[in-house]
Structure formats: C-alpha cells, structure tokens
Amino acid sequence: MKNLSFLTRPRSRRDYELAHSENRTLRRLYQVRHYTGWLLVAVSVLFVALNLQLFTPASMKNIRASLQAASRVSAGDTTVISYPPGANKCMLPFGNGLAICGDQSLNFELPSNYSQMEMNLSYANPTMRASNQYLLVFDRGAYRFTVTNTLSELYSQTIQSPVINADIAANGSVAIVTDEAGYKSAVTVFNIDNEQLYKWSSPDYYIMSAVLSSDGQRLALFCFKQDGLTLTSRLFFTDINSSESPEDGVDMNSSLVLGMKFLGNNTVCAVCDNAVYVVSRSGQVRYSMEYSSDALIAFDLSEDCVALATESYTHASRADIVLINARGMASRKPLSLTSEPDSISYCDGRLAVLTGDTVTFYSKSLRQIDQQSGLAGVSRVYMRSGGSAIALFGSQARVLTIGHPLEDLNSENS
C-alpha cells in the first residue's frame, strides 16, 4: 500500500504535495478541486451581484416571514386569502396569491392570512398588470409607476407626462403610454433595470394601447386619429431595438380597442368595441368577428388564447363563448349559456365561467369538467395555472380547486 501519511499533514503542505505529486491522478485531483472551488466562488459573487434586491433588509424580512408562515400553516385555512383593511382599489392574481393595491399600500397576500409583501404606495387611481414573475402598478392619469416581484419593489419611477396605459412582459420590460406635451401621445419601453430601450412620440396618432411580446422584443400599438368626422384606427408593430418610427399599420376599421395582448411572440389579439381581431406581425388578419357595440359581454386575454362572451338569442341561449388561439382558429362550436355570465377567465387550457353564485369550469374543448355552487357574494373569478381559480368576495378571496385537473388534461390530449 502506498504511503498516504501526507493526508494528515497541515493543509498548506498537503496541498503543495498534492500539486507536485509524482502521481498524475493526485495532481489532477488537486487541480479539479482547486478550480472547482474558485468557480463556486465566482458563481456566488455573480448571483449576489445580479440579485441584490433579494438581499435588501425588506426582502430578507419578507423571506424570513415567509418561512415562518410556511411552518405554521394549519389544515383548513389554506383556501382563504384575506384583504388588508382600508379601501381596496385594485386586485389581481399574482404568483401564488393576490396583489391588492389600495389608497396607501400595495400588498401581496397569500392563503392562511399571511401578507408576504407590504409597501407604501400612495396612488390615486392604481392599475395593475402582471406577468409570471413581475408586477407593474401605474397611477392612471398621474406620473408614477412601480415594478415589483413577489417579495419587494424592484424600482419606482416618476416621469414627466401622465400615464394613459401600460403593459409588462414576461422578462420584466414595461411599455408606458403617456400623454406627451407637443405630441398626441408617446410610448416608452424600459427594461427590468429601469433602462430606456425605446421611445416613439407620435404627432399624428393617439396611442390607446401598447403591449409587449413575452420576450420583450416586440411592441404592438393600437392607435387612432380623427379627421373631422372620420375616425381612423390602426395597429402598428415595431421591434424594440428599432430606431425607426412605426409605419404601414393594419387598418382596424375605425374600431376602438378595449383590450389587447400578444398571443405568443408574433401574433396579437385585439378585442374592440365592435369586433375582435387576431393579427400577425406581418399584418395578416388571421381572424375577425364582428358584433354590435352592445353585444360584447365579457372577455379574457391569456398568453395563448382569448375567451370571448357575446350575446346570443338563438333558441334558449342568451350568451355564446368562444376560444380563439394565435393561429386564428376559434372553437368549432361555441359554448351556449342560458344566462349571461358575470365573469369569465381562461388560463392553461381551462375556462372558468361565473354565473350568479356558481362557477363552472370547462376544458379547452369547452367540455364541462367541474362546477362549484353556493358561492354567495362572489363578484369575480380568475383562472390560474395548476388547476385552481381565485374567487373574489367582499372581504376575502377563496382558492377554488378543480376536481382531478390532471385527469382532465390527459383526457383532453387523448
């Protein structure tokens, strides 16, 4: 047996003998261990540098509170999300809970009566937009907006012009539409580091809505202008890294947009006052459906699909719901309801329809998969990924779990 007594010697001498050992295997072992150590140090430093916001005192406090809350969750209370006291202005599902922006604060509430984030935010008319990881809050008609994650504020900015509308991409980039002095309106795009990437000030068009693709590289703008009694509306596409003004937009037939979203990275769905359109980045209208201005009941825009509910008076039906995807393909047969829905929401292949005190869940093919009734006082329902929904009540929200979600998905794909 070889003499391995050097393994018990002081570390510095042991390292020296390993590095200069006649045994080639031992020398390689020392080199691997040496460079692996330095690599771990470099990775740790890089992680800390890129995630400084996670190590602020407020973030560390939130993380510590999250761990404490996770250790005391008891059975039976994991379906209820409580609202903070005060006037609740705006609520939106975010992460695993609910973002609530009131008169003086922004809260991120989780089930089990736990507030994961609370920050002072005095917005008179707050509006929220959310992606998977980031939340945008802007003060409509005022000059401020804030970007957060589920733990803390990432940045807040006060700008020179009042905010009309805004959007946030999955990578954290935001598009801010403003009422620009000297122009009709303007749109500015900032990345997650609060760096300006793009700006277009329009002397001719009012920008009603601006949306970003999920990768944050493309921008769609729904604009209109009025010449006397003639209203012209157009949909423009542009790349964020472009220095040119948008040109050659798609004619939107004098419609006014109510909601808009990228379905994927190259197709936009625009729900308007009298029609719905699915338009590709190349300007091709892949789908359009017209309706009277008072026939639109509700709609919901997700990452890959739009759910649209319109009036229908054929036979016993009062409302029809269709799903339309990025390719411009609509449901083969609409879902006909005997009464108008109070709220609809679509996410990850499931549709939730609220009527009265009952929420009914449907698969992507509009086949009913579950129904939960007796929800007295429910005002709205939001579908979430992972087989659950959030129902909003007057003083609290409740998490609704769909029965056997995995079986539903498997049967849908078979």
Just by modelled atom types, is the Glu195 backbone N or O under 3.5 Å from a matching donor or acceptor in the Asp193 side chain?
no
From the options Cys269, Ser214, Ser213, select the one residue that forms a side-chain contact (heavy atoms from CB on, under 4.5 Å) with Leu263.
Cys269
Criterion side chain to side chain contact (heavy atoms under 4.5 Å, CB included) on Glu311 and Ile297, from CA distance to verdict:
CA-CA 7 Å; Glu311 290 183 353; Ile297 301 172; 3.9 Å; yes
Do the side chain of Arg144 and the main chain of Ser122 share a donor and acceptor less than 3.5 angstrom apart?
yes
Does the Thr355 side chain pair with the main chain of Thr358, one donor and one acceptor, at a distance under 3.5 Å?
no
What I'd like to find out is whether the side chain of Tyr277 reaches to under 4.5 Å of the side chain of Ser255, using heavy atoms alone.
yes
Contacts of Arg380 that satisfy side-chain hydrogen bond (donor to acceptor under 3.5 Å, both in side chains) - sequence neighbours left out
Tyr382
Is there a donor-acceptor pair closer than 3.5 Å between any side-chain N or O of Ser131 and the backbone N or O of Ile168?
no
Would you call Lys261 and Asp304 a salt bridge, taking side-chain N to carboxylate O under 4.0 Å as the test?
no
Would you say the side chain of Thr150 lies within less than 4.5 Å of the side chain of Gln116, judging by non-hydrogen atoms?
yes
Would the number of heavy atoms belonging to other residues, nucleotides or ligands and lying under 6.0 Å from CE of Met289 be above 12?
yes
Sub-3.5 Å donor-acceptor pair from the side chain of Asn165 to the main-chain atoms of Met208, do we have one?
yes
Asn107 side chain to Glu109 main-chain N or O, any donor-acceptor pair under 3.5 Å?
no
Rounded to the nearest 0.5 Å, what's the gap from CG on Asn194 to OG on Ser173? Could you check?
11.0 Å
Arg350 NZ/CZ over Phe361 ring centroid, <6.0 Å and within 45° of normal:
no
Rounded distance (nearest 0.5 Å) linking atom CG of Asp300 with atom OG of Ser302
6.5 Å
State which residues pass salt bridge (charged side-chain N to carboxylate O under 4.0 Å, His left out) with Asp273; sequence neighbours excluded, sorted by chain then number.
none
Are the side chains of Ile344 and Leu354 in touch, meaning some heavy atoms are under 4.5 Å apart?
no
Checking side chain to side chain contact (heavy atoms under 4.5 Å, CB included) for the pair Ile402/Leu400: CA distance, chi angles, key distance, verdict?
CA-CA 7 Å; Ile402 302 174; Leu400 308 178; over 6 Å; no
With a 6.0 Å cut-off (strictly less than), is the heavy-atom count around CG of Asn96, excluding the residue itself, greater than 12?
no
Short N-O contact, Lys199 and Glu180, less than 4.0 angstrom:
yes
Indicate yes or no: at least one non-hydrogen side-chain atom of Leu221 is less than 4.5 angstrom from one of Pro246.
yes
So, taking the atom named CG in Asn149 and the one named CG in Asn132, what distance separates them when rounded to the nearest 0.5 Å?
13.0 Å
Is any side-chain heavy atom of Ile324 less than 4.5 Å from a side-chain heavy atom of Val278?
yes
4.5 Å side-chain heavy-atom contact, Ser161 and Asp179:
no
Between Thr178 and Val163, what is the shortest heavy-atom contact and its length?
CG2-CA, 4.3 Å
Under a 3.5 Å distance rule, please check whether Gln226 uses its side chain to pair with a backbone N or O of Gly228 as donor and acceptor.
yes
Specify the closest pair of heavy atoms between Ile81 and Leu110, including all atoms of both residues, with the distance to one decimal.
CG1-C, 4.1 Å
Return yes if some donor-acceptor pair links the side-chain N/O of Arg384 with the main-chain N/O of Pro93 below 3.5 Å, else return no.
no
Only counting residues at least two apart or in another chain, list the ones meeting ring pair (Phe, Tyr, Trp, His ring centres under 6.0 Å) with Tyr183.
none
Output, in order, the C-alpha distance, side-chain angles, deciding distance and verdict of side chain to side chain contact (heavy atoms under 4.5 Å, CB included) for Arg218 and Phe262.
CA-CA 9 Å; Arg218 297 171 182 87; Phe262 265 92; 4.1 Å; yes
Considering only heavy atoms from C-beta outward, does the side chain of Leu256 approach that of Leu231 to under 4.5 Å?
yes
Taking all atoms of both residues into account, what is the closest heavy-atom pair of Val359 and Ala352, and its distance?
CG1-CB, 4.3 Å
About how many Å separate CG of Asp251 and OG of Ser233, when rounded to the nearest 0.5 Å?
6.5 Å
Side chain to side chain, Gln196 and Val189, heavy atoms closer than 4.5 Å:
no
Looking at Met383, is its backbone amide N or carbonyl O close enough to the side chain of Ser345 to form a donor-acceptor pair, meaning the two atoms are under 3.5 Å apart?
yes
Could you pull out all residues at least two apart from Ala130 that satisfy side chain to side chain contact (heavy atoms under 4.5 Å, CB included)?
Leu92, Phe94, Leu135
Are more than 12 heavy atoms from other residues, nucleotides or ligands located less than 6.0 Å from atom OH of Tyr198?
yes
Tell me, which pairs form a side chain to side chain donor-acceptor pair (under 3.5 Å) where one or both residues lie in residues 327-336, sequence neighbours left out?
Asp320-Ser336
Taking atom types as modelled, find out whether Ser292 and Asp294 have a side-chain donor-acceptor pair closer than 3.5 angstrom.
yes
Between Asp139 and Tyr143 (side chain of the first, backbone of the second, donor and acceptor by atom type, cut-off under 3.5 Å), is there such a pair?
no
Quiz item: cation-pi between Lys225 and Tyr205, 6.0 Å / 45°
yes
Evaluate the side chain to side chain contact (heavy atoms under 4.5 Å, CB included) criterion for residues Val268 and Phe237: first the C-alpha distance (whole Å), next the side-chain angles of each, then the deciding distance (0.1 Å), finally the verdict.
CA-CA 10 Å; Val268 161; Phe237 291 89; 3.6 Å; yes
Residues in ring pair (Phe, Tyr, Trp, His ring centres under 6.0 Å) with Phe190, at least two apart?
Phe145
